[in-house]
Every structure is written in structure tokens, then in C-alpha cells.
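What follows is a set of notes on a single structure, which appears directly below.
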Amino acid sequence: MAKRKSAAQVEARNKARELQAQFAALEETRLETATRAIALQKDLAEFDAETERLVQELRDKRARRQSEMQAQLGALAEEMLETKVSPSEAAARMGMTPAELRAARKAFNDAVRARAEASAPAAAPDAAPVPATPLPPTGAVPPAEPADGSAAATVLPQQSGPSEHDGGMAAVSGPPTAG
């Protein structure tokens with residue numbers, strides 16, 4: 001016997017409600033999955049940013065340390081050159097190329113310059129520049145008498161032209177010491 005039209009509609013409606021409930025459950029699952037995925041992406045981005053910050057911190061620390069060590073190497077190069085060896089011999093003795101020796105010396109000089117600039121007092125902007133005292137054209141600069149009565153150093157003029165590197169130490173000679 002054929003079902004009545006209203007019974008078929010009721011059965012169809014019940015079937016539609018079951019399917020609707022299944023779709024709603026699936027939609028809830030999809031929504032929950034999408035929520036977790038978005039939260040995980042945010043956590044991943046934060047982790048990536050923190051990692052990049054730490055890597056940059058390490059790179060900065062490495063660069064500072066390399067600069068310090070390069071300056072120390074430059075100081076050793078200057079010390080080696082003060083023993084009256086040529087730059088190429090100094091480089092060979094130190095296990096470096098002449099280019100590496102020059103780079104180390106430059107790093108040392110840059111570090112010395114930076115420290116000198118950092119420790120120099122800043123001049124007042126409204127202060128007039130102090131005129132330079134002219135030096136005698138030839139010969140040694142006459143020593144000034146210090147206020148405390150100690151012996152003064154004599155500054156010898158710098159010679160031009162190629163010469164062995166003395167590290168700048170030949171330009172200054174102190175008073176003879178008894179002993």
C-alpha cells in the first residue's frame with residue numbers, strides 16, 4: 001500500500017534533519033580544526049620572530065667579538081713590526097697574509113681611534129677654536145718645563161720617505177734614566 005503523502009514528507013524531513021545534524025557536526029569539526037590551524041600559525045610566526053631575534057643577537061655578539069679579536073691581532077702585528085721586521089716577514093711569522101696583517105692593523109687603529117674619540121671631552125659649540133702654536137721648521141722641539149719639576153720628553157721630527165716601520169716609537173724619546 002502506498003504511504004500517504006504527509007507520511008513521506010515526514011520521513012523526508014526526518015532524513016533531512018539527520019543529514020543536517022551530520023553536516024553541523026562536520027562543520028563544528030571543520031571550525032575547530034581551522035581555529036587550531038590559525039592559532040598554530042600565529043605561534044609559528046612568534047617562534048620564528050623570536051628565533052630571528054636570537055640569531056641577530058648572536059650575529060651582533062659574533063661581530064663585536066670578531067672586531068675585538070681582530071683589534072687584538074692588530075696590536076700583536078704592531079708589536080711584531082716594532083721589532084724592525086718588514087710587514088711581509090711579520091705576516092709570515094704570524095701565519096697571516098700581508099693583506100690579513102693590514103686588515104688587523106686597520107682594525108687595531110680603528111679601535112684605538114674609537115676609544116680616543118669616546119674618551120675625548122666634547123668641545124662646547126660656542127667656544128672659539130684654539131689657534132695652533134707653530135713649531136720650529138727643523139730640529140727637535142724644545143722641551144717644555146713641566147709644572148711638577150719632572151723631566152720632559154723630547155719630540156723628534158718625523159722623517160719622510162720609506163723606512164722600516166718603528167710603530168711610531170722613534171718619534172718620542174724620553175729623558176735618560178739612571179739605573
Side-chain angles (χ1 to χ4, degrees), residues 1-130 132 162 164-169 171-172:
M1 185 172 195
K3 291 185 182 178
R4 288 190 282 157
K5 199 172 189 183
S6 64
Q9 281 184 338
V10 168
E11 189 177 319
R13 191 169 295 271
N14 286 338
K15 181 71 174 168
R17 284 188 179 130
E18 286 175 22
L19 290 174
Q20 174 71 25
Q22 288 175 357
F23 287 138
L26 288 175
E27 186 61 29
E28 185 62 35
T29 301
R30 290 180 190 122
L31 180 64
E32 192 60 37
T33 301
T35 302
R36 289 193 323 246
I38 290 170
L40 188 58
Q41 288 175 7
K42 182 181 180 220
D43 290 346
L44 180 61
E46 289 173 357
F47 172 77
D48 194 37
E50 177 64 14
T51 302
E52 285 300 321
R53 186 190 64 76
L54 291 172
V55 166
Q56 187 59 45
E57 216 174 83
L58 284 174
R59 284 184 180 133
D60 293 344
K61 183 178 179 181
R62 180 188 70 188
R64 279 190 308 274
R65 186 70 178 127
Q66 280 178 332
S67 177
E68 291 169 0
M69 293 175 92
Q70 190 73 6
Q72 290 172 353
L73 191 57
L76 292 174
E78 291 294 332
E79 188 176 320
M80 177 68 77
L81 290 169
E82 287 175 3
T83 65
K84 305 285 187 212
V85 297
S86 68
S88 60
E89 183 182 347
R93 288 178 176 268
M94 295 175 71
M96 307 167 76
T97 66
E100 291 170 331
L101 181 85
R102 285 190 300 274
R105 291 179 66 203
K106 181 182 181 317
F108 173 69
N109 291 333
D110 290 347
V112 169
R113 189 177 306 110
R115 284 188 180 162
E117 289 172 358
S119 65
D126 59 343
V130 178
E164 291 294 319
H165 177 73
D166 63 6
M169 296 308 294
V172 178

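Side chains included, hydrogens not; waters and symmetry mates left out as well; all remaining heavy atoms used. The first residue in the sequence is number 1, and the count goes up from there.
For the pair Leu81 and Ala90, the tightest heavy-atom approach, listed with the atom from each and the gap, is CD2-CB, 3.7 Å. Shortest non-hydrogen contact noted between Ala77 and Leu101 is CB-CD1, 3.3 Å. The two atoms that bring Met96 and Ala104 nearest to each other are CE-CB, 4.0 Å, heavy atoms only.
The closest side-chain heavy-atom distance from Val10 to Arg13 is not below 4.5 Å. Lys106 has its side chain out of reach of Arg102: every pair of non-hydrogen atoms, C-beta onward, lies at least 4.5 Å apart.
Side chain of Thr35 to backbone of Leu31: a donor-acceptor contact under 3.5 angstrom is found. Although no hydrogens or angles enter the test, the distance criterion places no donor-acceptor pair under 3.5 Å between the side chain of Glu117 and the main chain of Ala114. For Asn109 (side chain) and Arg105 (main-chain N/O), a donor-acceptor pair under 3.5 Å exists by modelled atom type.
Remark: Arg53 CZ is packed, more than 12 non-hydrogen atoms of other residues, nucleotides or ligands lying under 6.0 Å away.
Note: Gln70 CD to Glu68 CD = 12.0 Å, rounded to the nearest 0.5 Å. Interatomic distance, Ser86 OG to Met80 CE, rounded to the nearest 0.5 Å: 10.5 Å. Atoms CD and CZ, from Glu28 and Phe23 in turn, are 16.0 Å apart once rounded to the nearest 0.5 Å. The distance from atom CG of Leu19 to atom CG of Leu26, rounded to the nearest 0.5 Å, is 10.5 Å. The CD atom of Gln22 lies 14.0 Å from the CD atom of Glu27; values are rounded to the nearest 0.5 Å. Rounded to the nearest 0.5 Å, atoms CG (Leu73) and CZ (Phe108) are 11.0 Å apart.
A salt bridge does not link Lys61 to Glu57: none of the charged side-chain nitrogens sits closer than 4.0 Å to a carboxylate oxygen. Remark: Glu46 engages Lys42 in a salt bridge, criterion side-chain N to carboxylate O under 4.0 Å.
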*asked:* Please evaluate residues Glu89 and Arg93 with respect to the criterion salt bridge (charged side-chain N to carboxylate O under 4.0 Å, His left out), reporting the C-alpha separation (whole Å), side-chain torsions for both, the decisive distance (0.1 Å), and the verdict.
replied: CA-CA 6 Å; Glu89 183 182 347; Arg93 288 178 176 268; 2.9 Å; yes

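With hydrogens and angles left out, the side-chain atoms of Asp60 and Gln56 include a donor and acceptor closer than 3.5 Å.
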